[in-house]
Amino acid sequence: MTTRSALRQMLALLEGERQALAALDIQRINTCSTGKMELCDRLEQVRPEELDEECIGLLDAVSRLNTINRRLRNLIATNVQSRIDSMAG
C-alpha cells in the first residue's frame with residue numbers, strides 16, 4: 001500500500017466515521033476506529049520528506065476531517081453528560 005492510497009483510505013474512513021457519529025451507529029464507529037488505528041500504524045512509518053504535494057494535500061484534508069469528527073464526538077459526549085446530569089437532579 002502506498003502512502004497516497006493509505007491517506008485516501010484514511011479520508012474514506014473519517015468520512016464513514018462522521019456519518020456513523022451522526023447516526024450514532026456504535027458498530028460502525030468501532031469499525032472505523034479499528035481501521036484508523038491500522039492505517040495510523042502504516043502511516044507512522046512515513047517520513048515527512050517522502051511526501052509529495054498530493055500527499056501533503058491529502059494529509060491536510062485528513063487532519064481537517066479528523067478535527068471535525070473530534071468536535072462532533074465532543075458535542076455528543078457533552079449532550080449525553082447534560083442528559084445524565086439532568087436525570088441525576
Subject >> Arg42 side chain to Met1 backbone, donor-acceptor under 3.5 Å >> reply: yes
Subject >> Separation of Gln9 CD from Leu39 CG (nearest 0.5 Å) >> reply: 5.5 Å
Subject >> Glu50, CD: over 12 other non-hydrogen atoms inside 6.0 angstrom >> reply: yes
**OP:** State the CG-CG distance between Leu13 and Asn66, to the nearest 0.5 angstrom.
**Re:** 11.5 Å
Original post:
Is there a path from Leu75 to Leu14 through hydrophobic residues (I, L, V, M, F, W, Y) whose side chains come within less than 4.5 Å of each other?
Top reply: no
Original post:
Knowing that exactly one of Leu43, Asp52, Leu58 qualifies, which makes a side-chain contact (heavy atoms from CB on, under 4.5 Å) with Thr3?
Top reply: Leu43
Subject >> Leu7 to Cys55 - nearest heavy-atom pair and separation >> reply: CD1-O, 3.6 Å
**OP:** Would you check if Asp85 and Ser82 make a side-chain contact, meaning some heavy-atom pair closer than 4.5 Å?
**Re:** no
Original post:
Listed by chain and number, what are the side chain to side chain contact (heavy atoms under 4.5 Å, CB included) partners of Thr2, not counting sequence neighbours?
Top reply: Arg4, Ser5
Original post:
Rest of the hydrophobic cluster containing Leu21 (Ile/Leu/Val/Met/Phe/Trp/Tyr, side-chain heavy atoms under 4.5 Å)?
Top reply: Leu24, Ile26, Ile29, Leu72, Ile76, Val80, Ile84
Original post:
Under 3.5 Å, is there a donor-acceptor pair between the side chain of Ser63 and the main chain of Leu59?
Top reply: no
Subject >> Distance-minimising heavy-atom pair for Arg18 and Leu65 >> reply: CD-CD1, 4.5 Å
Original post:
Is there side-chain contact between Arg73 and Glu17, with heavy atoms separated by less than 4.5 Å?
Top reply: yes
Subject >> Closest approach of Gly16 to Cys32 (non-hydrogen atoms, all atoms of both residues) >> reply: C-SG, 3.8 Å
